[in-house]
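Below is one structure; the comments refer to it alone.
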Amino acid sequence: MKQLVRDAWRSGVRLLKECGIPHPSRETRWLLSAILNIEPTRLHLYWDQPFSSESGQVFKRMLTGRSRGIPLQYVIGTWEFMSCPLSVREGVFIPRLDTESWVEEVISWAQSAPSRGKVRLLDLCCGSGTIACACAFWIPRLMALGVDISEEAIRLARQNARQLGIEARTQFLVSDLFEVFRNQRRASFDLVLSNPPYIREDEWETLPDGVRFYEPKQALIGGPDGLEVIRRILDEGRDFLEKDGIMVIEHAPGQAVMLQEMLSQDLVLEFRRTITDLTGQPRATMIGHREIRKGAAAGEASGMG
């Protein structure tokens with residue numbers, strides 16, 4: 001008797017539930033949808049379709065990996081970010097829904113900004129190219145440069161750009177933040193964006209096993225207080241941001257106030273506003289160049305302090 005899609009779904013839910021995987025019904029639906037190349041919401045339309053032995057073997061391998069605790073995204077091999085299908089693989093940071101909330105606002109800002117030719121974007125700690133690729137995909141006049149310290153991440157980012165057909169408007173380089181620009185002519189960008197490592201060192205052991213065992217630690221941990229990389233971005237990044245450009249940095253909800261305090265003492269950059277995630281938590285901070293007041297500018301011109 002041939003197995004149907006509904007039979008495969010039932011067996012998958014049962015196995016994942018026995019292994020203690022959260023949301024076994026939803027995850028089984030995602031796995032089967034990936035195999036059948038359909039939207040997860042449409043799986044029920046295929047309930048009575050035969051499930052081939054070849055598909056069954058792939059499904060078995062996926063279930064085995066997921067039951068071992070391998071993150072669902074790595075098991076499937078692709079994941080959507082801002083409706084862009086991106087390849088993901090073990091050892092490279094997985095795109096998060098939290099990041100979509102502020103990237104969506106950046107895209108809206110760039111699309112509505114007065115036209116001034118090409119929009120230049122720098123994506124720091126780009127990982128699989130998530131932010132740079134999504135922005136380039138949705139903003140045709142955008143040129144994106146992504147940098148990451150991981151060679152594996154950069155290879156994957158280039159692959160994702162090719163798959164989305166935007167490689168002509170994207171470039172990905174191995175670099176420790178702005179290091180790639182040290183021996184080059186000064187570069188400047190309209191958008192400087194980053195989802196940097198911002199988890200505190202003492203939080204590492206509290207993270208889920210799927211994160212600690214499979215995702216790269218260097219893409220997650222941001223020093224004792226989680227702000228180590230963010231400080232560097234502020235200190236080094238002010239010279240690379242156009243005067244009317246914006247910088248957006250993702251952070252933990254509890255770091256929003258600390259970042260505002262850091263910016264209150266910055267002579268060049270200033271806090272613009274906080275962007276919340278889908279749960280209403282502070283998730284990213286928008287930053288711009290500090291505006292020089294007319295009175296202060298006049299004082300400087302006349303030699304007054």
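Atoms considered below: every heavy atom in the structure, side chains included; atoms not considered: hydrogens, waters and symmetry mates.
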Would you say the side chain of E228 lies within less than 4.5 Å of the side chain of R232, judging by non-hydrogen atoms? no
Taking the side chain as C-beta and beyond, is there a heavy-atom pair between P22 and R26 under 4.5 Å? no
Matching residue for C135 among L193, L191, T130 - test: side-chain contact (heavy atoms from CB on, under 4.5 Å): L193
Name the orientation class of the two ring planes belonging to W9 and W47 (parallel below 30°, tilted from 30 to 60°, perpendicular beyond 60°). tilted
Give the cluster check for I70 versus L86: same hydrophobic cluster or not, with ILVMFWY residues linked at side-chain heavy-atom distances below 4.5 Å. no
Would you say that D266 contacts I287 through its side chain, given a criterion of any heavy-atom pair below 4.5 Å between the two side chains? no
Could you state the interatomic distance from CE (M143) to CZ (R120), rounded to the nearest 0.5 Å? 10.5 Å
Expected output: side-chain H289 to main-chain L241 donor-acceptor under 3.5 Å: yes
Testing the 3.5 Å rule here: is there a donor-acceptor pair between the side chains of Q265 and E261? no
Can you confirm whether L32 sits close enough to Y46 that some side-chain heavy atom of one is under 4.5 Å from a side-chain heavy atom of the other? no
Near E104 CD, under 6.0 Å, is it more than 12 heavy atoms from other residues, nucleotides or ligands? no
Within this structure, what is the CD1-OG distance for the pair I76 and S87, rounded to the nearest 0.5 Å? 12.0 Å
Check I166 against C133 and note the closest heavy-atom contact, atom names and distance. CD1-O, 3.5 Å
Gap between atom CZ of R158 and atom CZ of F172 - 0.5 Å precision: 9.0 Å
Take D209 and R212 through the salt bridge (Lys or Arg N to Asp or Glu O under 4.0 Å) test and state the conclusion after the steps. CA-CA 5 Å; D209 290 349; R212 289 188 297 113; 2.5 Å; yes
Spatial distance of atom NE2 (H44) from atom CD1 (I38) [nearest 0.5 Å]: 9.5 Å
Tell me whether V13 shares a hydrophobic cluster with F59, the cluster being built from Ile, Leu, Val, Met, Phe, Trp, Tyr side chains joined at under 4.5 Å. yes
If we ignore hydrogens and angles and just use 3.5 Å, is the side chain of R162 paired with the main-chain N or O of E167 as donor and acceptor? no
Are side-chain heavy atoms of F137 and M82 found at a separation under 4.5 Å? no
Going hydrophobic residue to hydrophobic residue with side-chain gaps under 4.5 angstrom, can you get from V92 over to I221? no
Working to the nearest 0.5 Å, report the span between CG of L16 and OG of S67. 7.0 Å
So, does R290 use its side chain to make a donor-acceptor pair with the main chain of L269 at under 3.5 Å? yes
Locate the shortest heavy-atom distance separating C125 from V229; write the atom from each residue and the value. SG-CG1, 4.3 Å
Can a donor-acceptor pair be found, under 3.5 Å and without considering hydrogens, that links the side chain of S101 to the backbone of L97? no
Give me each pair satisfying salt bridge (Lys or Arg N to Asp or Glu O under 4.0 Å) with a member in residues 74-97, each pair once, sequence neighbours excluded. R89-E152, R96-E215
Note, W204 side chain near I199 side chain (heavy atom, < 4.5 Å): no
Just do the side-chain contact (heavy atoms from CB on, under 4.5 Å) check on I139 and R141 with the steps written out, would you? CA-CA 6 Å; I139 309 169; R141 62 192 180 103; 4.1 Å; yes
Minimal heavy-atom distance between V88 and L156, with the atoms involved, is CA-CD2, 4.0 Å
Where do P95 and S128 come nearest, in terms of heavy atoms and distance? CG-OG, 4.2 Å
So how far is it from I233 CD1 to L124 CG, rounded to the nearest 0.5 Å? 5.0 Å
For D7 and L4, indicate whether the former's side chain and the latter's backbone hold a donor-acceptor pair under 3.5 Å. yes
W138 CH2: over 12 foreign heavy atoms closer than 6.0 Å: no
With clusters defined by side-chain heavy atoms of hydrophobic residues (ILVMFWY) lying less than 4.5 Å apart, directly or transitively, does I154 cluster with F178? no
Given side-chain contact (heavy atoms from CB on, under 4.5 Å), test V248 with E105 step by step and report yes or no. CA-CA 10 Å; V248 184; E105 291 210 21; over 6 Å; no
CA sep, side-chain torsions, deciding dist, call: I131, V106, side-chain contact (heavy atoms from CB on, under 4.5 Å): CA-CA 10 Å; I131 296 171; V106 168; over 6 Å; no
Between W109 and F81, is there a shared hydrophobic cluster once you connect ILVMFWY residues whose side-chain heavy atoms come closer than 4.5 Å? yes
Evaluate R42 against E39 for salt bridge (Lys or Arg N to Asp or Glu O under 4.0 Å), listing each step before the verdict. CA-CA 5 Å; R42 296 175 59 84; E39 290 292 326; over 6 Å; no
Test ring-ring contact (aromatic ring centres under 6.0 Å, His included) on F240 and F181; report intermediate values, then the result. CA-CA 10 Å; F240 297 94; F181 302 114; 5.2 Å; yes
Any luck finding a side-chain donor-acceptor pair between D148 and S150 under 3.5 Å? no
Nearest heavy-atom contact between V147 and S175 is CB-CB, 3.9 Å
Hey, are T285 and Q260 close enough side-chain-wise for a donor-acceptor pair under 3.5 Å? no
Do F51 and V5 make a side-chain contact, defined as non-hydrogen atoms from C-beta onward lying under 4.5 Å apart? yes
Indicate yes or no: at least one non-hydrogen side-chain atom of M62 is less than 4.5 angstrom from one of I35. yes
E270 side chain to G288 backbone, donor-acceptor under 3.5 Å: no
Check the pair M262 / L227 against side-chain contact (heavy atoms from CB on, under 4.5 Å), numbers first and verdict last. CA-CA 10 Å; M262 290 162 56; L227 296 171; 4.2 Å; yes
In terms of heavy-atom contacts, E242 and S188 come closest through OE2-OG, 2.6 Å
